[in-house]
Amino acid sequence: LLCGNRDGARVHSATGCDFYVRMRSGPIIEHSNGNRFAPYNFEYPGQESQLGELKLTTDSGMWAKVEDFNWLRAQQSPNWSILPEDLRAATVVAPSEAC
């Protein structure tokens with residue numbers, strides 16, 4: 001399980017991972033399989049201002065625009081999928097003293 005806010009992400013050699021991300025461009029995977037993607041689900045004090053600075057205040061949906069550099073066909077890559085809503089982890093809220 002990985003949660004993150006970024007401009008973009010490039011994942012190499014990952015197998016069976018769940019990624020919860022918010023970014024301005026779609027994630028890129030290479031030499032990976034069995035990975036699932038979902039929208040960012042982590043909250044912490046000061047998050048809104050930090051997301052504002054990164055221009056990530058709204059979910060652009062780019063988390064679902066995964067590019068598989070080892071799958072160059074027009075149809076869906078078998079190496080990643082959207083994590084079904086009923087299987088997603090609950091939103092994680094960090095206590096204020098942890099941040």
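This chain uses plain numbering: 1 for the first residue, then up along the sequence.
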*Do the side chain of Ser32 and the main chain of Ser13 share a donor and acceptor less than 3.5 angstrom apart?*
yes

_Check: Asn35 side chain, Phe19 main-chain N or O, donor-acceptor pair, under 3.5 Å_ = no

Residues 61-70 side chain polar contacts: donor-acceptor under 3.5 Å, at least two apart:
{"unit_1": "Trp63", "atom_1": "NE1", "unit_2": "Asp59", "atom_2": "OD2", "d": "3.3"}
{"unit_1": "Asp68", "atom_1": "OD1", "unit_2": "Asn70", "atom_2": "N", "d": "2.9"}
{"unit_1": "Asp68", "atom_1": "OD2", "unit_2": "Ser77", "atom_2": "OG", "d": "2.6"}
{"unit_1": "Asp68", "atom_1": "OD2", "unit_2": "Asn79", "atom_2": "ND2", "d": "2.6"}
{"unit_1": "Asn70", "atom_1": "OD1", "unit_2": "His31", "atom_2": "N", "d": "2.5"}

*asked:* Please say yes or no: joined through hydrophobic side-chain contacts below 4.5 Å, possibly via intermediate residues, are Ile82 and Met23 part of one cluster?
replied: yes

*Answer whether the closest heavy-atom distance between the side chains of Tyr20 and Leu83 falls below 4.5 Å.*
yes

*Could you tell me how the ring of Trp80 sits relative to the ring of Phe37: parallel (under 30°), tilted (30 to 60°) or perpendicular (over 60°)?*
perpendicular

*Would you please classify the geometry between the Phe42 ring and the Tyr40 ring as parallel, tilted or perpendicular, with 30° and 60° separating the classes?*
perpendicular

Grab the two heavy atoms, one from [X] and one from [Y], that are nearest each other, plus how far apart they are.
{"X": "Pro45", "Y": "Ala94", "result": "CD-O, 3.8 Å"}
{"X": "Glu43", "Y": "Gln47", "result": "CA-OE1, 3.1 Å"}
{"X": "Pro27", "Y": "Val21", "result": "CG-CG2, 4.4 Å"}

_Rounded distance (nearest 0.5 Å) linking atom CG of Leu56 with atom CG of Leu51_ = 6.0 Å

*When rounded to the nearest 0.5 angstrom, what is the spacing between NE2 in His12 and CD1 in Ile28?*
8.5 Å

_Partners meeting side chain to side chain donor-acceptor pair (under 3.5 Å) with Arg88 (sequence neighbours left out)_ = none

